[in-house]
2 protein chains.
Amino acid sequence: MNANAREEILAAAKLVAQAHGYAGLNFRDLAQQVGIKAASIYYYFPSKAELAAAVAKRYWEDSAAYLESLLQNSTKPIDALRRYPETFRWALENDNRICLCSFMSAQFDDLPDEVKAEVQAFTDVNIAWLKKVLIAAKVVSPKQAENRARAIYSGIMGAQLMARSQADIALYDSLIQSYRAAGLLSA
Amino acid sequence: MNANAREEILAAAKLVAQAHGYAGLNFRDLAQQVGIKAASIYYYFPSKAELAAAVAKRYWEDSAAYLESLLQNSTKPIDALRRYPETFRWALENDNRICLCSFMSAQFDDLPDEVKAEVQAFTDVNIAWLKKVLIAAKVVSPKQAENRARAIYSGIMGAQLMARSQADIALYDSLIQSYRAAGLLSA
DNA sequence: ACCTGAACACCGTTCAAGT
DNA sequence: ACCTGAACACCGTTCAAGT
């Protein structure tokens, strides 16, 4: 409990941010979940902006590590690419949450600069990974890889949003299926 | 001024909601723009939820009328389909705003029910229109039309979000271009 | 009919003080 | 080191009362 209050705050803040965004993060509720008072959060984080930035930073670091392991553990790059959309399914499974950074992109203009930078980093990590895998799997030419990587990422962001607004995870699967059929995701 | 306060409130609220979402709608600033006090807004709209619902309703009604005229004024259905992404470009051109309903989809879980219903209606109108045009233009079979319509719509939502988070309208165009190249938008 | 002042509830934040 | 009560400034919202 008090041994790891900082970690508990980060974990709770992540869940709240995935469900309600930056504006929905409020210190009084957050503190209650962790079993401390709102004022105590300031012992660990100097401001709401810094807390949100720490959450987003942890988020993209974990994502980057996961994507790297996904690629390492795939026999062929195309298999890793095929499993990429799964990554964004888990949050939807978990109480209709969405990827923290998809959510924060919507409110981007209202985000403090420290938070913007970390959200940006998440996008960069994903685009770079997709680009690398698209080239390795020879799905597109190296020249086209950047554009295709961005298109896949934005397509998945849209699919998450739409599935969430219908609270229907089957719609997410159906959209990914349609992207595949239309040729967006590979070949 | 007082002759049309209701309309002025609606127009101002629409712009704010497109830039900052439902949570960003604030009555004091809104009132100041219209030249009245915050409390006076409640004379025209019984709550923030009703105001937002009225804004969203007006929004999808205007969109539906525009899409219908776009189709009427195109010599071939495929031309209307080709111009569909333009519809969502205008908001980005206008101070990096995005489609009101794309924005509200992100915050869907926190929306009052009246607002949810109108955001839903916007999605329905767009999917129905796309489906009709996809079939008329023989881009896909009638059986596949619904799925393809949803994939196009979600792809465009994602493209708006991504372009906005980079404050770069050229990125929107580039994403639409990539969707076309990958085969999502037609053929 | 149209509008408002004043109050209320809530929020991020600070800080002196407690253990 | 870790936590808190109480207070501050601010803001969306409500309502009884004004014209």
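Worth saying up front: this structure is predicted, and the values here are computed from it rather than measured.
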>> When you measure from the side-chain N and O atoms of A:Tyr44 to the phosphate of D:dC2, is any distance below 4.0 Å, counting only OP1 and OP2?
In response: no

>> To check you understand the geometry: which heavy-atom pair defines the closest contact between B:Cys99 and B:Ala91, and what is its length?
In response: N-CB, 4.1 Å

>> Please report the interatomic distance CZ(A:Arg83) to CG(A:Leu71), rounded to the nearest 0.5 Å.
In response: 11.5 Å

> With respect to the phosphate group of D:dC2, does any side-chain polar atom (N or O) of A:Ser40 fall under 4.0 Å of OP1 or OP2?
Replying inline: no

> What are the residues of residues 103-117 of chain A, sorted by number, that bring a heavy atom to within less than 4.0 Å of DNA chain C?
Replying inline: none

> A:Ser74 side chain to A:Pro77 main-chain N or O, any donor-acceptor pair under 3.5 Å?
Replying inline: no

>> If you compare all heavy atoms of A:Ser154 against all heavy atoms of B:Tyr179, which two are closest, and at what distance to 0.1 Å?
In response: OG-OH, 2.5 Å

>> Counting only side-chain nitrogens and oxygens, does B:Tyr43 get under 4.0 Å of the OP1 or OP2 atom of C:dC2?
In response: yes

> For A:Glu114 and A:Lys57, what are the C-alpha separation, side-chain angles and deciding distance, and is it a salt bridge (Lys or Arg N to Asp or Glu O under 4.0 Å)?
Replying inline: CA-CA 10 Å; A:Glu114 313 92 287; A:Lys57 181 170 160 49; over 6 Å; no

>> I need a per-nucleotide contact map over nucleotides 6-19 of chain C, read 5' to 3'. Cutoff is protein heavy atoms under 4.0 Å; write B for the base, S for backbone only, - otherwise.
In response: -B---BBBBB----

> Is the backbone N or O of A:Lys131 less than 3.5 Å from a side-chain atom of A:Glu146, with the two atoms forming a donor-acceptor pair by type?
Replying inline: no

> Taking only residues two or more places apart in sequence or in another chain, which ones pass salt bridge (Lys or Arg N to Asp or Glu O under 4.0 Å) with A:Asp79?
Replying inline: A:Arg82

> Which dot-bracket string describes DNA chain C (Watson-Crick N1-N3 plus N6-O4 or O6-N4, or G-U N1-O2 and O6-N3, all under 3.5 Å; [ ] crossing; | other strand)?
Replying inline: ||.|||||...|||||.||

> ring-ring contact (aromatic ring centres under 6.0 Å, His included): which pairs involve residues 146-170 of chain B, sequence neighbours left out?
Replying inline: none

> Where the side chain of B:Lys48 meets the backbone of B:Leu25, is there a donor-acceptor pair that is under 3.5 Å apart?
Replying inline: yes

> Quick one: ring-ring contact (aromatic ring centres under 6.0 Å, His included) pairs with a partner in residues 46-66 of chain B, sequence neighbours left out?
Replying inline: B:Tyr59-B:Phe122, B:Tyr66-B:Trp90

